[in-house]
Amino acid sequence: MARINNLFTPRRALTTLGISVLAIAASASADVAGDHGPGSTAPVRPFRLDQVQLGAGLLQEKRDRIKEFVQAYDERRFLILFNNQAGRPNPDGIEVPGGWEDGGLLSGHWTGHYLTALSQAYADQGEEVFKTKLDWMVKEIAACQDAITARMHQSNNTEQTNTTASAPDWIPTHPGYVGALPEDTVLRLGPPRWAIYGSDLSKNTWASWYTQHKIIRGLLDAYYNTNNTQALDVVVKMANWAYLALTIGDKRQPGYTGNLTRSDLNYMWDLYIAGEFGGANEVFPEIYQLTGDERHLYTAKAFDNRESLFGAAVQDNDILVVPADKIPGRRRAQRLHANTHVPQFIGYMSVFEHGGGQEYFDAAKNFYGWVHPHRHFAHGGTGGNYPGSNDNPELFQNRDNIVNAIADNGAETCTTYNLLKLARYLFLHEHNATYMDNYERGLFNMIAGSRADESSTESPMLTYFQPLTPGSSREYENTGTCCGGTGMESHTKYQETVYLRSADGSTLWVNLYVPSTLTWADKGFVVKQETRFPRSDTVKFTVSGDGPLDINLRVPAWIRKGFQVKVNNAVSDATATPGSYLTISRTWAAGDVVEVTMPFTLRIERALDRPDTQALLWGPVLLQTIGTPAGGQTYHQLSLYRHLKLDGDYARAAAVKTSPAGDSIFSFAGSNGNLTARPYYIGDTQAASAYFRRVEPSVVFGSVDTKIANRKRNDGLPRYDVPVANITSPGNDGPTFLDIVWDSAPFKTHSAFVGTVQNVVKAFVADGVYTQAEADRIVKSAKDAKSQLEA
Ligand SMILES: *[C@@H]1O[C@H](CO)[C@@H](O)[C@H](O)[C@H]1NC(C)=O
Ligand SMILES: *[C@@H]1O[C@H](CO)[C@@H](O)[C@H](O)[C@H]1NC(C)=O
Ligand SMILES: *[C@@H]1O[C@H](CO)[C@@H](O)[C@H](O)[C@H]1NC(C)=O
Ligand SMILES: *[C@@H]1O[C@H](CO)[C@@H](O)[C@H](O)[C@H]1NC(C)=O
Ligand SMILES: *[C@@H]1O[C@H](CO)[C@@H](O)[C@H](O)[C@H]1NC(C)=O
Ligand SMILES: *[C@@H]1O[C@H](CO)[C@@H](O)[C@H](O)[C@H]1NC(C)=O
Ligand SMILES: *[C@@H]1O[C@H](CO)[C@@H](O)[C@H](O)[C@H]1NC(C)=O
Ligand SMILES: [Zn+2]
């Protein structure tokens, strides 16, 4: 039985008074009152998952496919390896899940993900089947933990040792360990053995703390989402074990010289793959909050990656990629592995939330800024590959290298899962709408697109990499992998960031437009959101409840025109600034209705390092062009400027129709016939491209062609921070003349347009790009095109 604090009492009071801890009742379920988990001490906080129900729509469709898989899966398969370590029998005729959950050195991680998925799947609709599976698994894991620890007590008396065939022959070094592998696979990472990455079960290690994190996270989620107190009991014992493992360490090993030092820990975490600990430092501050036991906060800080990254992040010194002769630390790699490091910063946010200090926040915020926008693709992911790299697309790219990192196997899905977690965490403290713009992009594109749009009870049908090479296809499966595990989580928690609330309950934040119902019982409010977003651009909220409440509505950064809010049919005169929140302060009465219209526009986004390499977006949705580029081209090519009118709306360059599912499908006239562009979230295996090449050879205004080259200006684009072998750094590149003109759209009048043309061309003449004679012809043509541009 875990000995834990009364959850209703602030921990500080308990520690100062030295009150002895209270054991929680052994009932399988008790209320989880108060705020727990990420954001529990933040100025803006999440709702519990069971307070928000998803309504019908895109995300619910994606969720229900994964729920079908999670429900059908035989949960006993997740316990086989645990039972083997505990010396407990397994039923006949069942097999381990497979993939990396096969008895190899990452085993156990999928059990953790599955626990999280079960608790999340249960939270929304309360279907007993998920809770039944979950409760059974927690009970079995608790029994495994007890059986493993019990061997310590039998070890001095061989007569008591259970020597049945299935009983493993290892005795734990510290009490409380539970996992799918022997405790030794964790301890050997540290001194005196310093095990390295490999597949030899007897001497290598592979992200053993990552696996421990997933199991603890799964159990904590079982507690938060379903009030399963036995899960908390197991977690606290695991946390007590973790503390001993990271302080006393491998004490039975010959050559042991004493407790682990800071230097030892730094050395462990810098080891590529083996030292990957996921978000292990995320869970221990949460456990500290639950227990009041300072040792758990200490454990979280033991994971600080102090030798080669933490300090640089606090100082905002981007060292994700360094020159070969400037590698910091004793054994970090030249180029860091994205998904090893993003979760570490999630953990620093957790340490910060529980008293770790400002530097933890600063490190996380600065690190996030290195990824967004400097290593960020249009679909929301990071990573990539390029000719001449070491061919590992899981690594961070050189700062500002986007286009040269667009390659097959582009971005790892689990890294995006973690980037969303980090953005959300930062938002809870800073409320900067940019974090939510990024969150929305990752969620509606890469995360939604990570699940195939077909049902399966055999496979999770999730992506690992989401390729960026033009004309490449997604592949779905991923049983037992990192991305298959985080995918089971992502698709069962779509409601988690739709709404947030201020700590004092005075403000409701509406971050995402998703059909859903929030039941905020403490405040007496129910908010129903009806929309087909992102398949439509209108949203209706019905508020039930009485009394004052500020509602902050997110105004997405991609809004170009026409964002409108109506409260009970009266148009609000509040100014909506894209990339911010609009506050509706009101004393509400039951039945009040808020309607929001946020017209989608078709827009382009230029890659940071090559302005002619662009992505097409429709509101929040990235559009992929379908098919393999023809004519030996690497990219699909599009010329769009001749279609634009004064409003600058790219929708004029395409015909749009709605698919049976309600998706907007665009058709562009391309140089090789029509090109189809459709939402990224569609989950099939069609060859598709997230980026295209813009081809605008001459200065045109509608069909008025000046026959003058549409030249680029040297914009001194950022050079890659570390030179990329055999690839010319940008720097002399820049946008074209027409790019700069149209960046000022929409234009109220034709003369405003001509004014812009005059200003831009003047600057190009001053820079020596155009002659005065060319400039005069360009301006004359812009004037002549009046009727075309106004049409
Ligand atoms: C868990 O406890 C909370 C807080 O008391 C309660 O609101 C919630 O309904 C409970 N959830 C379940 C699944 O029992
Ligand atoms: C010994 O292990 C077997 C198989 O795991 C189990 O059935 C039995 O109850 C155990 N006996 C004792 C004394 O623990
Ligand atoms: C087993 O014996 C060793 C050596 O005498 C002792 O240090 C240890 O505490 C004992 N363990 C248990 C669980 O009794
Ligand atoms: C080693 O760590 C343990 C905690 O796990 C602590 O009680 C003990 O004092 C430490 N020993 C030294 C020499 O620091
Ligand atoms: C760069 O190009 C040269 C010449 O083609 C080639 O020998 C070398 O291997 C390339 N370097 C990398 C890192 O690809
Ligand atoms: C929000 O974050 C963005 C991106 O880092 C930054 O440009 C902007 O200034 C921030 N806004 C505020 C209000 O801090
Ligand atoms: C081809 O694209 C053009 C321009 O968007 C559109 O008007 C036309 O209908 C498309 N043709 C087909 C067959 O889709
Ligand atoms: Zn992954």
Side-chain angles (χ1 to χ4, degrees), residues 7-8 24-25 27-37 40 47-53 118-132 134-135 138 221-232 316 318 362 364-374 376 419 422-423 426-427 429-439 441 518-523 552 554-557 577-581 602 616 623 625-627 636 638-640 642-644 649-659 664-678:
L7 302 172
F8 303 93
I24 231 179
S27 76
S29 181
D31 285 357
V32 182
D35 291 335
H36 298 297
S40 58
F47 288 98
R48 284 198 325 273
L49 278 187
D50 66 2
Q51 290 176 283
V52 182
Q53 270 74 49
L118 285 173
S119 74
Q120 293 180 166
Y122 175 71
D124 185 345
Q125 294 165 303
E127 295 139 301
E128 266 323 301
V129 56
F130 297 107
K131 175 93 171 122
T132 305
L134 180 65
D135 288 347
V138 171
D221 289 339
Y223 175 59
Y224 296 152
N225 295 329
T226 78
N227 300 335
N228 183 316
T229 54
Q230 188 173 29
L232 179 59
D316 202 7
D318 182 346
D362 294 346
K365 178 180 169 159
N366 293 336
F367 169 84
Y368 187 84
W370 302 345
V371 181
H372 270 278
H374 299 288
H376 173 240
L419 282 172
L422 182 55
L426 289 162
F427 181 85
H429 293 271
E430 282 207 312
H431 331 317
N432 182 335
T434 302
Y435 295 123
M436 280 301 155
D437 285 316
N438 296 342
Y439 188 103
R441 179 187 296 245
L518 165 70
T519 306
W520 193 359
D522 300 352
K523 282 283 282 186
N552 284 351
R554 181 167 148 265
V555 186
T577 308
S580 73
Y581 282 77
L602 195 62
L616 276 167
L623 300 175
T625 48
I626 301 305
H636 283 134
L638 282 174
S639 308
L640 304 172
R642 66 199 150 91
H643 300 288
L644 295 192
D649 188 348
Y650 279 100
R652 296 179 181 279
V656 60
K657 61 174 199 273
T658 306
S659 77
S664 297
I665 312 289
F666 295 84
S667 186
F668 292 89
S671 47
N672 288 294
N674 271 16
L675 257 189
T676 301
R678 61 171 203 188

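Quick note: residue numbers are just sequence positions, from 1. Start at 1 and go down the list; that is how both ligands and their atoms are numbered.
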In terms of its nearest heavy atom to atom 6 (C) of ligand 6, the top option of Asp437, Asn438, Asn432 is Asn432
Closest heavy-atom approach to atom 1 (C) of ligand 1 among Asp522, Asn228, Asn225, Asn227 is made by Asn227
Which atoms of ligand 7 sit under 4.0 Å from any heavy atom of [X]?
X      : result
Ala654 : 5 (O)
Ala669 : 2 (O), 4 (C)
Asn674 : 1 (C), 2 (O), 3 (C), 8 (C), 10 (C), 11 (N), 12 (C), 14 (O)
Ala653 : 5 (O)

Discussion item. Donor-acceptor check, side chain of His372 to backbone of Tyr368, threshold 3.5 angstrom: yes or no?
Written reply: no
Give a yes or no answer on whether the side chain of Asp437 reaches the backbone of Ala557 with a donor-acceptor pair at less than 3.5 Å. yes
Near Asp50 (heavy-atom distance under 4.0 Å), the atoms of ligand 1 are 8 (C), 9 (O), 11 (N)
Ligand 1 to Tyr122, heavy atom cutoff 4.0 Å, flagged ligand atoms 13 (C)
* To do: Decide whether the shortest distance between a heavy atom of Arg48 and an atom of ligand 1 is less than 4.0 Å.
  => yes
Stepwise side-chain hydrogen bond (donor to acceptor under 3.5 Å, both in side chains) check, Asn228 with Thr226: CA-CA 5 Å; Asn228 183 316; Thr226 78; 4.9 Å; no
Enter the distance from [X]:[atom1] to [Y]:[atom2] here, rounded to the nearest 0.5 Å.
X      : Y      : atom1 : atom2 : value
Arg678 : Phe666 : CZ    : CZ    : 13.5 Å
His429 : Tyr435 : NE2   : OH    : 10.5 Å
Leu134 : Ser119 : CG    : OG    : 6.0 Å
Leu638 : Leu616 : CG    : CG    : 6.5 Å

With only distance considered, is Phe668 within less than 3.5 Å of ligand 7 through an N or O on each side? no
>> For atom 14 (O) of ligand 6, is there a protein heavy atom at a distance under 4.0 Å?
In response: yes
Show your reasoning for whether ring pair (Phe, Tyr, Trp, His ring centres under 6.0 Å) applies to Tyr581 and Phe427. CA-CA 12 Å; Tyr581 282 77; Phe427 181 85; 5.7 Å; yes
For [atom], grab the closest protein heavy atom and report residue, atom and distance to one decimal in Å.
atom                   : answer
atom 5 (O) of ligand 7 : Ser667 O, 2.6 Å
atom 9 (O) of ligand 7 : Ala655 CB, 4.2 Å
atom 4 (C) of ligand 6 : Thr434 CG2, 3.9 Å

- So, Lys365 and Asp316, do they make that salt bridge, N to O below 4.0 Å? no
